[in-house]
Amino acid sequence: MAIAHEFAYHRAASLHEAVEVLTRAGPGAWVLAGGTDLVPWLRDDAVHPELVVDIKGVPGLSDITVEDRVLRLGPLVTFTELIESKLIEDHLPLLAEMAETVASHGVRNRASIVGNICSAVPSCDSGPALLVLEADIEMLSAEGTRSVPITGWFTGPRATVRRPEEVVTGITIPLPEGEHGGVYLKLQRYEGEDLSQAGVAILALEGNRYRVAFGAVGPVPSRAPSIEAHLEGIDLTAEAIAGAKALVGDEISPITDMRATKEYRARMCEVMLGRGLEAAVSRRDGTGPAYGTRLV
Amino acid sequence: MKTPITITVNGEARLIDVEPSDVLLDVLRTGLGVKSPKIGCERGDCGTCTIMLDGRTARSCLVLAIETDGHEVLTVEGVLQNGELTELQDLFIAMNSFQCGFCAPGIVLAAREFLAANPDPSRYDVQHALAGNLCRCTGYEPIIDAVLAAARGITEEVPA
Ligand code: FES
Ligand code: FES
């Protein structure tokens, strides 16, 4: 089935030029990165851009760098590039573990992590991982640059604080201090390519501090402050885990859809939280299951 | 508005006029007569439309043709070595890996890319790598067997 909607196409040579074109065109203009969401949405007649601005001709947007203990992902970094990056493996293997679960290999080769959070579907895998890593999203507009913490990024299903004329120029992540261990667990109907039925990201830090985030069990991916507060400073005993699991219901608002019932999602979030906490802590302490090990 | 673009398809520069809304899969098949990428789900789920775009597998149903102006596409038609099938393709035939063959062009390209990066895979690795290429006929086992055989360099005729 062809795309019925007609639109104009512009290949930008720089991000400044992309911003100029977007600003001139107004809200009917869309940014095109990997296209793995935009093209099917066009075919489904779900979006109707007048203009599509392709940023893949801009050099340097696939860079992954670490400088002054800040990891930076360019706006075209694909999930495959996250999986293959030595810097990610050395500094934040949680991102590679998450990336491995996204769609299928052929899609990961083009889909970008920035595109994933710009599409902002509630089940996006990047959301929970970036939430526990306390990432910031950098944007450029005619007014200049701004940076938004990921906690304030998602505003609803398929909605973010990004204005139509803004271009995301990168994601920055302050590398956690001290020993830390992360985990991303994704519940799927089958392994290898499915959207998340429920996702849990956890980061265990020194001093028994924990960050926990859920995906696909609410309108937006979100942190779980009551669980984090409950676990703060305590050892991860069976009792502590049971207490954390008891708080899951307060932190999520799953729905029933074709992929799972809300009851199944809620129950599995507890199971994944328990397994995830143990894995994150043992990874932090150097004993844990290797990143990429299937935990659910 | 139709725009002229040039795509290098299987080593040959091809000039064609496209609308921005034209999808690469349709342009390859209808505009350029390259029929090995198949039209399946048209939403990125099945992998039958798989091509190599600038050296990486991609789903041509998720790419606008106009994005590929100046880029390189490889399909199964271009995979032949001196007009001969590759060892992997021979193994697929020898091991009766496919039935209707609709998924085969995509799986050949996906498996080829996978083997180049993973010369010594486990069965699970192959399953994971090919999970995005759906086959409605075979149950996958003979496909996975052939990919593993190719990895182990088994070239002799394999009994069916
Ligand atoms: S037709 Fe492209 S993935 Fe199914
Ligand atoms: S052999 Fe028929 S779809 Fe795979």
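Below, chain A is the first sequence line, B the second, and so on; all start at residue 1.
Residues of residues 30-56 of chain A lying under 4.5 angstrom from chain B, judged on non-hydrogen atoms, are Leu32(A), Ala33(A), Gly34(A), Gly35(A), Thr36(A), Val39(A), Pro40(A), Arg43(A), Asp44(A), Asp54(A), Lys56(A) in numerical order.
At a threshold of 4.5 Å between non-hydrogen side-chain atoms, the residues Arg59(B) and Val107(A) count as touching.
Contact annotation for Leu134(B): only side-chain heavy atoms (C-beta onward) come within less than 4.5 Å of a heavy atom of chain A. No part of Ala110(B) comes within reach of chain A, as not one of its non-hydrogen atoms sits under 4.5 angstrom from that chain. Proximity to chain A is limited to the side chain of Leu53(B), based on heavy atoms less than 4.5 angstrom apart. Neither the backbone nor the side chain of Asp22(B) comes within less than 4.5 Å of any heavy atom in chain A. Interface remark: Gln127(B) contributes no atoms to any contact with chain A (heavy atom separation under 4.5 Å).
Of the charged side-chain nitrogens involved, at least one lies within less than 4.0 Å of a carboxylate oxygen, so that Arg56(B) and Glu84(A) count as a salt-bridged pair.
Each of Asn133(B), Val63(B), Ile39(B), Asp26(B) has some count of heavy-atom pairs under 4.5 Å with chain A, and the biggest count is that of Val63(B).
To the nearest 0.5 angstrom, Ile66(B) atom CD1 is 11.5 Å from His10(A) atom NE2. The CG atom of Leu130(B) sits 10.0 Å away from atom NE2 of His105(A), with the distance rounded to the nearest 0.5 Å. One distance of note links CG of Asp54(B) with CG of Asn109(A); it measures 11.0 Å at 0.5 Å rounding. Here Met1(A) contributes atom CE and Cys61(B) contributes atom SG; the two are 11.5 Å apart, rounded to the nearest 0.5 Å. With values rounded to the nearest 0.5 angstrom, Leu64(B) atom CG is found 5.0 Å from Phe7(A) atom CZ.
Considering only residues two or more places apart in sequence or on other chains, Glu19(B) meets the side chain to side chain donor-acceptor pair (under 3.5 Å) condition with none of them.
Of all the heavy atoms in Ala131(B) and Glu191(A), the pair that sits closest is CB-O, 3.9 Å. Listed here is the closest heavy atom pair of Tyr9(A) and Glu67(B): OH-CA, 3.6 Å. Counting all heavy atoms, side chain and backbone alike, His5(A) lies closest to Ser21(B) at O-CB, 3.5 Å.
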